[in-house]
Amino acid sequence: MAHSLNTAPSPAGGPNQPKLDTDDIWQARVDLAACFRMAARLGMEEGICNHFSAVVPGYDDLFIVNPYGYAFAELTASMLLICDFHGNVVSGSGQPEATAFYIHARIHKNIPRAKAAFHTHMPYATALSMTEGDPLIFAGQTALKFYGRTAVDRNYNGLALDAREGDRIAAAIGDADIVFMKHHGVMVCAPNIAEAWDDLYYLERACEVQTLALSTGRDVLAVAPEIAEAAYRQMREGDPESARLHLESVKRALDRSEPEYRR
């Protein structure tokens, strides 16, 4: 299912090469590696096909992404690639998977607020993307975290193997933070890695409990819009700090069981 990316060789190093050995960039690598490892632990990945990316701190025209051919559970901070928007690998060994490049490069280029972009085929969210109508019902408290923040890309068009498809997906996201990609999966866009992880995790939890509720055969009752809006605002007020602490807890758990993610 995954596809290799065929691009021209990266340009040779020179005096204008970016400085990529800063503490901030290494921390972004570590944080992203932690997200890959925990996503694998929770069954939120699919083989070698899914991809997370983050804009390189200090360089809005570069992004960190996972290399082609590796499962999330294998990834470490130093294995992650840094790419430009033309498909050149500026730092790292290997290439990004083709759809990873064409989706993530265009999202980061076209949606500057999306400093992190996480794409998965995680089972419950993907299952709901295959159903009739809007995937998410704002019926459970966790789902209200996403009230007014979702979009639906209803025009599945096959694999994203060129920039046009990446541009189409970016346009479908619009002002949303989360897009359900019909017949495909989900994309979470956020201002930083911690908030992307937090949204991805709770989105799958919301989709899981909705699927369980639907399985009872009973009607699933949405929360009244005015209450949903109020609860959403309460949740979003503390989201950045809660997300930061959530990611720190992920790293502590990994430090105990698989600390090699930091290498």
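Hydrogens, waters and symmetry mates are skipped; everything else that's a heavy atom, side chains included, is used. Along the sequence shown, residues carry numbers from 1. Remember, predicted model here, so these are calculated numbers, not experimental data.
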What I'd like to find out is whether the side chain of [X] reaches to under 4.5 Å of the side chain of [Y], using heavy atoms alone.
| X | Y | value |
| --- | --- | --- |
| P112 | D60 | no |
| N66 | F36 | yes |
| T22 | P57 | no |
| P123 | E204 | yes |
| Y147 | P225 | yes |
| L128 | Q210 | yes |
| I107 | I173 | yes |
| C83 | V65 | yes |

How many angstroms lie between [atom1] in [X] and [atom2] in [Y], if you round to the nearest 0.5 Å?
| X | Y | atom1 | atom2 | result |
| --- | --- | --- | --- | --- |
| L200 | M122 | CG | CE | 4.0 Å |
| C49 | Y68 | SG | OH | 8.5 Å |
| K251 | L247 | NZ | CG | 5.0 Å |
| C35 | Y261 | SG | OH | 10.0 Å |
| L221 | R218 | CG | CZ | 10.5 Å |
| F118 | C189 | CZ | SG | 10.5 Å |

Does the [X] side chain pair with the main chain of [Y], one donor and one acceptor, at a distance under 3.5 Å?
| X | Y | result |
| --- | --- | --- |
| R149 | K145 | yes |
| E97 | A100 | yes |
| S215 | L212 | yes |
| E74 | A71 | yes |
| T211 | C207 | yes |
| T150 | F146 | no |
| N192 | A194 | yes |

A quick test of your reading: do over 12 heavy atoms of other residues, nucleotides or ligands sit less than 6.0 Å from [atom1] of [X]?
| X | atom1 | answer |
| --- | --- | --- |
| Y70 | OH | no |
| K109 | NZ | no |
| R113 | CZ | yes |
| R205 | CZ | no |
| E237 | CD | no |

On a heavy-atom basis, which atom in [X] and which in [Y] lie closest, and how many Å separate them?
| X | Y | value |
| --- | --- | --- |
| H104 | A117 | CE1-O, 3.1 Å |
| G92 | V89 | O-CG1, 3.7 Å |
| I137 | A222 | CG2-CB, 4.3 Å |
| N110 | A170 | ND2-CB, 3.9 Å |
| D162 | E165 | OD1-N, 3.1 Å |
| G133 | K182 | O-NZ, 2.9 Å |

Candidate pair Y102 and I169, rule side-chain contact (heavy atoms from CB on, under 4.5 Å), full reasoning: CA-CA 10 Å; Y102 287 117; I169 292 170; over 6 Å; no
Let me see the working for N50 and F72 under side-chain contact (heavy atoms from CB on, under 4.5 Å), right down to the final yes or no. CA-CA 8 Å; N50 295 174; F72 282 13; 3.6 Å; yes
Under a 3.5 Å threshold, yes or no: a donor from one side chain and an acceptor from the other, between [X] and [Y]?
| X | Y | answer |
| --- | --- | --- |
| D84 | Y59 | no |
| T76 | R29 | no |
| H184 | S129 | no |
| D198 | H246 | yes |
| D31 | Q27 | yes |
| H51 | T99 | yes |

If the threshold is 4.0 Å, N to carboxylate O, is there a salt bridge linking [X] and [Y]?
| X | Y | answer |
| --- | --- | --- |
| R41 | E258 | yes |
| D134 | R154 | yes |
| D153 | R168 | yes |
| R164 | D167 | no |
| R263 | E260 | no |

Only one of F85, F63, F101 forms a ring pair (Phe, Tyr, Trp, His ring centres under 6.0 Å) with H108, so which one is it?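 Of F85, F63, F101, ring pair (Phe, Tyr, Trp, His ring centres under 6.0 Å) with H108 is met by F63 alone.
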Taking [Y] as the starting point, is it possible to reach [X] by hopping between hydrophobic residues whose side chains are less than 4.5 Å apart?
| X | Y | value |
| --- | --- | --- |
| L20 | V55 | no |
| I193 | L62 | yes |
| V56 | F52 | yes |
| M181 | I178 | no |
| Y202 | V250 | yes |

Decide yes or no on salt bridge (Lys or Arg N to Asp or Glu O under 4.0 Å) for E229 and R233, but give the supporting numbers first. CA-CA 6 Å; E229 172 74 20; R233 293 189 180 282; 2.7 Å; yes
Under the criterion side-chain contact (heavy atoms from CB on, under 4.5 Å), I'd like the reasoning laid out for M187 against I103: C-alpha separation, chi angles, the key distance, then a yes or no. CA-CA 10 Å; M187 175 71 74; I103 294 175; 3.4 Å; yes
Could you tell me how the ring of H121 sits relative to the ring of H119: parallel (under 30°), tilted (30 to 60°) or perpendicular (over 60°)?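 Perpendicular: the ring planes of H121 and H119 meet at over 60°.
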Please determine whether side-chain contact (heavy atoms from CB on, under 4.5 Å) holds for the pair D199 and L203, giving the CA-CA distance in whole Å, both sets of side-chain angles, and the decisive distance to 0.1 Å. CA-CA 6 Å; D199 277 349; L203 180 65; 5.8 Å; no
